[in-house]
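As structure tokens, the structure follows; a few thoughts come after it.
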Amino acid sequence: MFDPPSRLKLAALTGVSVFALAFAPAVHAETANTQAPKAKAKPSADDAVSEVVITGQRLSTANSIQDQKKATGVVNVISADDLGKLPDANVADALARIPGVNVVVNQETGEGEYVSIRGLASTYNAYSINGVRVALTDASSRKMSMTVLPPNGLKAISVNKTLTPDLDGDAIGGSVNFVTPTAFDFRKPTLRVFASYGLNDRAQKQDEPAGSGQIQIDGARKFGDGRFGLFGSVYYGKSHYTNEESENDGEWEPYRWRKDSIEPIDSRSMYLPGIDLDFRRGEQERFGGNFSADYQIDQHNFYVRGQYAKLNRTGTNDYTDFRSRPTKRLTQVNLEDTTLLQPEQMITGRDAVKGNIYGYTVGQIVDTDKDGLITDADRKSGNSYWSLFGRSGVWNPKAFQFARTHESQDQESSLYTINAGGQSRFERLTLDYDLSYSYGEKGTPLYYGIGYNCDKCSTDPMFNSTGILWSSADPRFPLAQLPAYAANVDHRDDLLPFDGASMNKDKQSDARTALKFDARYEMDGLIDYVKGGFKYLKSEREYDSTPIWEGDLSGTPLNGKSLAASGLVERQVDGFFKNRYYYGSILSRERVITAVNAARAANPVSYSTADLSKDDKKGSETIYAGYALAHVRSGNLEVVGGARVEHTKVETTAWITDATTSGFGKTNRDYTNFLPSITAVYRQGETLVYRGAIWTSFSRPEYSNISRGESVTRDPATKEIIAISRGNPDLKPGESVNFDLSAEWYPDRSSVVSVGVFHKKIKNFIFTNGRSVNAPTKEGTITITQPQNGEDATLTGVELNLIKSFEGLSAPFDGFGVEANVTSQTSEAETGLDYRRGHPITFLQAPDLIYNTSLTYQKYGIEAKLSYQYQGAYIEDTRDNAVDKWVQPNKSLDLHTRYNIRQGLTVDFDVQNILDGHRYYTTKGKNPTYQKDYMEPGRNFILRVAYSY
């Protein structure tokens with residue numbers, strides 16, 4: 001594939017793209033390679049032309065380092081071969097290896113889905129493919145879901161942590177650009193084939209499909225005296241997943257009664273209402289590819305590039321529900337009274353009809369039936385876990401429920417981009433132009449849910465005689481403490497009557513059209529060049545949610561039957577979470593679908609226009625941007641200074657219901673952001689680089705957050721409202737002033753040591769605050785959320801990075817190398833909420849510590865990388881009573897190995913999650929005692945083969 005070493009000079013080596021040098025399979029054993037590129041070493045007295053051969057993972061590392069070294073701002077690069085050497089399911093997991101980047105996990109599959117840069121949530125980043133702002137498959141958000149993209153088929157991924165005026169300014173965190181290959185990244189016609197097969201041990205242990213496989217073929221060729229080039233790549237893959245989760249069912253509650261969701265509570269003493277045990281299993285199918293057609297002549301380069309990615313997920317979630325149930329309580333006349341004794345202490349007698357008679361006065365307890373006595377008949381308000389509805393109440397659950405629910409978790413996502421453009425050079429003037437279209441789509445083709453719940457048999461004394469207390473010897477796995485007569489409820493499907501069933505679908509899309517034009521003019525003297533340009537982008541988004549059916553099983557053979565008699569049970573699962581729980585019944589997906597379709601046919605449901613439309617949204621966002629900058633060079637000093645202006649116009653349409661009318665209504669909003677910046681780079685010789693930047697950026701509100709619409713979430717089985725999400729048309733964009741300073745030392749081509757500090761001062765940051773309100777539902781509350789602007793936040797951090805190979809040392813150390821990076825940061829954010837004032841939080845999704853460390857080896861045709869990754873705790877979102885939802889530290893140990901069989905043929909063996917730990921662990925508050933979600937996906941073992949011709 002490459003020219004012989006005698007024809008390779010160092011200048012040519014550094015000029016070749018990362019892809020041509022790095023993504024080619026590392027098939028060259030160091031001792032026998034006659035075609036690998038060589039970087040010249042300093043001639044010795046004995047051999048004036050001796051050279052050091054750089055191959056394999058060292059070569060890919062060297063080229064990534066060179067890209068970072070040559071950059072103006074703070075940039076990290078993952079070459080395509082680096083991606084192949086990380087045992088990651090998709091690009092989100094791969095990006096988490098970069099300093100200061102952490103991953104947000106998909107709770108259903110255990111794969112990384114979103115990335116956070118320097119502690120800024122995914123919505124604060126800009127995402128591009130070949131410089132084109134990519135459409136978002138989640139049309140309500142500005143986060144890019146990366147589950148649709150595999151970690152191969154790319155040339156490189158670059159992460160810009162500082163911005164110059166020629167980059168889009170809506171990236172407080174940073175920008176991520178995925179680059180696909182072209183034929184000009186290859187020296188010769190090339191054909192490559194990659195194939196892999198893997199196993200998930202958790203799926204295997206649970207007797208579920210456990211295999212995965214993928215094949216990719218790509219090729220490149222130049223025609224017409226090397227002026228025209230074609231590159232194409234296609235891939236297909238299928239994988240299976242099984243994961244197990246324990247999940248808090250209902251927020252942890254304080255021992256003493258709480259009046260509402262905004263009062264302070266004692267977070268040191270809280271009680272667990274219940275847990276769900278989730279057993280998820282599914283299959284993911286990925287396919288797609290990319291192409292590039294390029295034409296290059298003396299003064300002009302033209303290109304057409306395209307990319308397509310498709311993800312089909314077919315999954316199910318069976319979850320059991322153990323939970324104390326809110327029950328009717330006596331209500332205090334004065335809710336603030338703390339002097340009342342507990343009801344058990346106040347019983348003075350018993351009435352055959354009205355139950356217990358209490359010694360409270362009608363001035364202390366609300367006399368609901370107006371008979372002058374306080375009896376059990378007065379327990380008709382205040383659905384609660386506490387002994388009294390009022391300040392004298394303490395935790396005292398009186399009943400519990402057990403339920404089983406089965407739901408499908410299918411998803412179809414697709415993303416494609418196409419862009420055409422080029423570059424034209426006219427002496428000192430260079431013009432770059434690009435016209436692009438990108439479309440993303442995500443949806444649930446059909447959702448099926450069915451539930452069986454003991455709440456339907458509320459007269460059974462088993463469920464009405466006790467609440468549930470929990471033992472938490474290991475807080476990740478709370479154990480229900482039930483009396484003997486109820487201890488085996490999880491074995492008793494005969495106790496579970498039908499509770500509800502439903503069917504629906506949804507679809508969301510984002511279509512983006514963009515035009516970009518840049519002009520650069522070379523100057524003489526102190527100003528090296530000036531540059532300016534403009535950009536137009538229009539995003540058209542749409543979300544459609546369609547209820548299809550909900551109801552009961554009347555008119556079907558399953559009507560009136562318990563779960564045990566329904567025939568829906570597929571099998572029993574034991575050994576859940578390594579034998580910590582007996583799980584019990586899981587349902588058959590096919591039988592559930594058949595049952596729901598039969599019930600729908602027997603009991604058709606029609607929906608009003610309001611029912612069909614109330615969750616639908618659509619709208620557009622139009623952006624006009626322009627910039628100007630000057631590049632100044634004086635000796636070893638480079639300075640880029642300038643400004644960017646972006647004007648945003650947003651129009652949304654959503655279903656609005658008020659006191660007098662309902663129907664679709666529009667919301668219009670526009671704003672302008674002025675973004676000055678200055679970046680300086682000083683290069684001291686060939687080995688030292690100093691960088692500094694002061695730059696401004698902003699973040700537009702989430703698309704769904706600025707509509708006037710309202711979305712309602714219902715229980716999948718019962719269809720009761722459990723949550724309401726409201727938009728906020730008055731949201732302002734978040735704005736940030738950013739400071740960066742770094743020093744980098746490059747002792748040799750494949751090594752770097754760097755230290756950087758950064759500081760961000762943010763105002764009007766956006767967060768979603770939830771509050772629970774009392775409601776006559778099974779849970780007794782409904783959670784209402786609405787986004788709003790915080791007041792201000794600061795984020796300060798230090799990044800350290802080390803990459804060093806030990807080539808040149810005596811054996812056996814010459815084969816080893818180390819890679820390590822660490823980011824330590826502190827943050828503080830003032831929400832502006834009255835009940836939180838004076839008690840700032842850490843910034844959302846900003847862990848205090850992130851680090852990666854790897855031990856590498858390359859010799860005798862063997863390559864290996866053992867990698868350990870740590871991501872510290874952070875707030876995922878704000879919650880009731882100022883006790884927020886925290887993500888606990890995440891740790892992962894992974895192994896990549898490769899053997900170079902011969903030139904052009906390699907075999908890899910990888911292990912993901914060697915320690916078999918969690919991928920998602922959240923708690924109520926920072927203390928790990930109060931579990932919210934704990935999910936383990938198991939280990940993955942992957943075998944890959946690559947052939948290049």
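For the numbers below, each heavy atom of this structure counts, side chains included, while hydrogens, waters and symmetry mates do not. Predicted, not measured: the structure shown is a model, and the values here were computed from it.
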Gap between atom CD of Q858 and atom CZ of F806 - 0.5 Å precision: 14.0 Å
Counterpart residues, side chain to side chain donor-acceptor pair (under 3.5 Å), relative to N913 (two or more places apart): none
Pair E638 + R683: basic N to acidic O under 4.0 Å: yes
Heavy-atom check, side chain of R644 versus side chain of E646, under 4.5 Å: yes
R428 (side chain) donor-acceptor with M523 (main chain) under 3.5 angstrom: no
Y870 and Y851 aromatic ring geometry - parallel, tilted or perpendicular at 30°/60° bounds: parallel
Ionic contact status for K69 with E744, cut-off 4.0 Å: no
Carboxylate-amine/guanidinium contact K763 D792, below 4.0 Å: no
Distance-only donor-acceptor check, side chains S145 and E113, under 3.5 Å: yes
Residue pair Q845 / S122: nearest heavy atoms and the distance that separates them: OE1-N, 4.0 Å
Rounded distance [0.5 Å steps], CG in D908 versus OG1 in T897: 6.5 Å
Pair S805-S750, side-chain donor/acceptor within less than 3.5 Å: yes
Close side-chain approach of Y124 to K760, heavy-atom, < 4.5 Å: no
Ion pair K531/D518, N-O distance below 4.0 Å: no
Side chain to side chain contact (heavy atoms under 4.5 Å, CB included) partner of N801, chosen from T823, V753, V755, N821: N821
Side chain to side chain contact (heavy atoms under 4.5 Å, CB included) partner of I157, the single match among V179, N177, V176: V176
OG1 on T430 to OH on Y521, rounded to 0.5 Å: 11.0 Å
Whether Y529 and H631 hold their rings parallel, tilted or perpendicular, with breakpoints at 30° and 60°: parallel
Shortest non-hydrogen contact from D168 toward A171: O-CB, 4.4 Å
Lys/Arg N to Asp/Glu carboxylate O, D748 vs K804, below 4.0 Å: yes
Sidechain N-carboxylate O distance under 4.0 Å for K865, E863: no
Candidates N76, N738, D740 - the one meeting side-chain hydrogen bond (donor to acceptor under 3.5 Å, both in side chains) with K161: N76
Shortest non-hydrogen contact from V75 toward Q68: O-CG, 3.2 Å
Partners meeting side chain to side chain donor-acceptor pair (under 3.5 Å) with S292 (sequence neighbours left out): D294, R305
Main-chain N/O of G817 paired with T856 side-chain donor or acceptor, under 3.5 Å: yes
Test side-chain hydrogen bond (donor to acceptor under 3.5 Å, both in side chains) applied to Y303 and N301, step by step: CA-CA 7 Å; Y303 60 81; N301 299 342; over 6 Å; no
Beyond-backbone contact of N852 with S867, side-chain heavy atoms, under 4.5 angstrom: no
S175 versus I117, closest heavy-atom pair with distance: N-CD1, 4.4 Å
Ion pair check, D170 and R142, cut-off under 4.0 Å: no
Under 3.5 Å side-chain donor-acceptor pair for D894 and Q912: no
Check: T182 side chain, F184 main-chain N or O, donor-acceptor pair, under 3.5 Å: yes
Any donor-acceptor N or O pair under 3.5 Å, side chains T180, N130: yes
Aromatic ring pairing F231/F186, orientation class (parallel under 30°, perpendicular over 60°, tilted between): parallel
Heavy-atom donor-acceptor pair, S892 side chain to Q869 backbone, under 3.5 Å: no
Expected output: side-chain R691 to main-chain G756 donor-acceptor under 3.5 Å: no
